[in-house]
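A quick write-up on the structure given underneath.
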Amino acid sequence: MTRHRKFIALTLLLAASLGLLLGYGRSQVSARLAGELPPLQDVVRTLQLTDLSLWTEARYTRHPSQADRFTPFQDFPSALEHFPAGSIIAPVLTLHPQP
Amino acid sequence: MRHLKILEYALSSLVRRRYKNLAILLVYAFTIAVLSSVLFLTHALKTEASLLLAEAPELIVQKVIGGRHDLVPVAYGEKIAAIPGVAAVLPRFWGYYYDALTKANYTLLAVESDPPDLAMVQGRLPDGPGECAIGAGVSQSRNVETGDDLILVDSENLGISLEVVGVFRAESRLLTNDLVVLGQSDLTAFFGYPADLATDISVTVRNPREVNTIAEKIKRVLPHSRPISRSEILRTYAGVFNWRSGMMLSVFSAALIAFCILAWDKATGISAEEKREIGILKAIGWETSDILELKFWEGIAVSLTSLLLGLLAAYVHVFFLGATVLTPVIKGWSVIFPTFRLLPVVDFYQVLVIGFLTVTPYVASTVVPSWKAAITDPETAMRG
């Protein structure tokens, strides 16, 4: 009768580790929201930023919110867009509310 | 006590086929880790975007000609300012720069004169001609720091030397990694923008509830304009990282299919050895319900351990290691890409969904074929 004890102990250990990580994460979130968020929001406000600096390979991936709808296909009508990040970003179908 | 004894037997049974079960456990945990990593990463990016871009301009007005974004006359600002409810209008000057030296793209952005001090800048923002502040990515790729000179080639193909007066801190990489911030006159001269044109116009609205009405009015006054509201920017980022995005579809669906194959392999039948074992257990007096409980515990032991290991691995991967395994997938051709330092926000609903989507089918696929074997005659079952 030792295996089930070991199994229960292992499960509890793993669950406790996950719980501790999630708890630590929550405390980190509160600390960073209080400490880092206001200065970061100052940057956004001062520089009037509209997008995250994630994908710098093309205009429409650097500023997905500012790109016109044809940008990925700008070379000629129905041209295939060829930047890898373009396939990562979901098409923004609901950018404007439908009438 | 009876349940614990059946659990004990189930664990002994798993240990007897230790290599097979260990392989299943590892593949299962890996699949859950991949699924959870994608969910954790996209949720964290979505949260970060919504928190940061909550301070984005309320309304951006672009000029669109032939379906393309065009430079907007600064004079449009006066027409927009005349619309009731508009508090302030500010032309924005910015553009892209391809740096042949590092093969990276930078975003050049103008800041107004006499800019405020920002805690996220080591040094200060430019406040005179020939000065610039750069993002951590630009600083790294060009190996320049505060006090150094950054040389860029302008639209006339002339090298322009700018003194770096500030570098954005690494904490702001997600916003400023590829930025080169200049004074307005430096930027317009650099790109050769005509004096009366801006890239777009930022509009501040007195009453946030009126943003859509003002956007409609702008569209009416300036028919070839395209107003983009803050809520649309936020919705774009909510959409970029939602389940329809390529990241989710490519990585998530691949992992989900791998898991389906694993579960399918389990569900399509049990080995002759397992059938014989069930037959023997029945012959020595085990009830069908005991056998089902045995298989249930076997399924729970493997799937719960895999789930917990997978979730732990995903959490450490995304929030401690900066999603290093997923980064090459989402990086694309970006030369400058921020290292992730994400807010460890986890959506418990997503964790529950992962648990439900993975544990339930696995346990079911373990129990159902055994139930078929358990209800057959012990002798037939023993004969295979």
Side-chain angles (χ1 to χ4, degrees), chain A residues 1 3-4 6-7 10-11 14-15 17-18 21-22 24-26 28-29 32-33 36-59 61-71 74 83-96, chain B residues 4 7-8 11-12 49 51-53 55-57 60 64 67-69 92 96 104-105 107 109 111 115-116 118-120 171-172 174-179 181 202 228 232-233 235-236 239-240 242 244-247 301 304-305 308-309 311-312 315 319 330 332-334 336 338 343-346:
Chain A
M1 290 291 280
R3 283 205 177 105
H4 75 268
K6 282 182 191 165
F7 168 71
L10 176 73
T11 308
L14 289 174
S17 313
L18 189 64
L21 275 183
L22 293 174
Y24 172 72
R26 286 210 146 193
Q28 285 285 98
V29 170
R32 279 177 61 186
L33 286 184
E36 274 178 30
L37 188 64
L40 286 172
Q41 286 180 330
D42 281 348
V43 172
V44 176
R45 209 177 304 118
T46 307
L47 302 181
Q48 304 260 305
L49 301 178
T50 55
D51 287 83
L52 299 182
S53 170
L54 274 174
W55 298 286
T56 54
E57 59 192 51
R59 297 201 306 268
T61 59
R62 174 62 180 86
H63 291 100
S65 75
Q66 304 297 299
D68 59 64
R69 296 173 190 83
F70 306 102
T71 317
Q74 60 188 309
F83 287 100
S87 55
I88 294 293
I89 301 174
V92 186
L93 294 177
T94 53
L95 201 61
H96 288 286
Chain B
L4 286 179
L7 172 62
E8 180 74 21
L11 293 169
S12 311
L51 289 170
L52 296 174
L53 299 178
E55 291 299 322
I60 293 284
V64 176
R68 289 176 186 232
H69 176 203
R92 296 199 316 156
Y96 300 107
N105 293 319
T107 301
L109 181 80
V111 69
L118 291 176
M120 279 293 158
E171 289 91 328
S172 69
L174 206 55
L175 288 166
T176 60
N177 204 33
D178 70 332
L179 285 189
V181 180
S202 156
I228 303 167
E232 283 172 335
I233 293 174
R235 254 188 289 149
T236 302
V240 162
N242 80 351
R244 283 192 305 118
S245 69
M247 179 158 31
L304 194 62
T305 314
L308 290 170
L309 281 174
L311 287 173
L312 276 170
Y315 193 94
F319 298 120
I330 57 172
W333 290 348
S334 309
I336 295 183
L343 272 181
V345 276
V346 174

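Predicted model only: the values in this text are computed from it and were never measured. Order of the sequence lines sets the chain letters (A, B, ...), proteins ahead of strands, with each chain counted from 1.
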Heavy-atom proximity to chain A below 4.5 Å, by part of B/L304:
side chain

A side-chain contact here means heavy atoms from C-beta on lying under 4.5 Å apart; do A/R59 and B/N105 qualify?
no

Can you tell if the side chain of A/L49 reaches within under 4.5 Å of the side chain of B/L179, non-hydrogen atoms only?
yes

Tell me whether B/E8 is salt-bridged to A/R3, with the criterion being a basic N under 4.0 Å from an acidic carboxylate O.
no

Please determine, among B/N177, B/L343, B/V346, the option with the most heavy-atom pairs under 4.5 Å with chain A.
B/L343

Inter-residue atom distance A/H4.NE2 - B/L11.CG, 0.5 Å rounding
9.0 Å

Does the side chain of A/F7 come within less than 4.5 Å of B/T305's, by heavy atoms?
yes

Got a donor-acceptor contact below 3.5 angstrom from the A/S65 side chain to the B/T236 backbone?
no

Which answer fits B/L52, side chain, backbone, both or neither, if we ask what part of it has an atom under 4.5 Å from a heavy atom of chain A?
both

Would you say that B/L175 contacts A/S53 through its side chain, given a criterion of any heavy-atom pair below 4.5 Å between the two side chains?
no

Look at B/A104, B/A301, B/A49 and state which one has the largest set of heavy-atom pairs under 4.5 Å with chain A.
B/A301

Measure distances from B/T107 to the heavy atoms of chain A and classify the residue's part below 4.5 Å as side chain, backbone, both or neither.
side chain

Tightest non-hydrogen contact, residues A/L54 and B/S334, listed as O-OG, 4.2 Å

Can you tell if the side chain of A/P39 reaches within under 4.5 Å of the side chain of B/L118, non-hydrogen atoms only?
no

First locate atom CD of B/E171, then atom CZ of A/R32, and finally report the distance between them rounded to the nearest 0.5 Å.
8.5 Å

Can B/Y96 and A/T56 be said to form a side-chain contact (heavy atoms from CB on, under 4.5 Å), step by step?
CA-CA 10 Å; B/Y96 300 107; A/T56 54; over 6 Å; no

Heaviest contributor of heavy-atom pairs below 4.5 Å to chain A, chosen from B/L174, B/V345, B/V111, is B/L174

Just give me the residue among A/L14, A/L10, A/T11 that pairs up with chain B most often, heavy atom to heavy atom, under 4.5 Å.
A/L14

Part of B/F319 within contact of chain A (heavy atom distance under 4.5 Å):
neither

A/Q66 side chain near B/I233 side chain, heavy-atom distance below 4.5 Å:
yes

Taking A/V43, A/L21, A/L33, A/D42 one by one, which has the highest count of heavy-atom pairs under 4.5 Å against chain B?
A/L21

Is a side-chain donor or acceptor of B/S172 paired with a backbone partner of A/L40 at a separation under 3.5 angstrom?
no

Pick from A/L18, A/L37, A/L52: which one has the most heavy-atom pairs with chain B under 4.5 Å?
A/L52

Mind checking the CD1-CD spacing from B/I336 to A/E57? Nearest 0.5 Å is all I need.
12.5 Å

From B/E55 CD over to A/T46 OG1, what is the distance, rounded to the nearest 0.5 angstrom?
10.0 Å

Can you tell me which of B/L109, B/V181, B/V64, B/L309 forms the most heavy-atom pairs within a distance under 4.5 Å of chain A?
B/L109

Please examine the side chains of B/P57 and A/R45, heavy atoms only from C-beta on, and report whether any two atoms are closer than 4.5 Å.
no

How many angstroms lie between NE2 in A/H63 and CD1 in B/I228, if you round to the nearest 0.5 Å?
11.0 Å

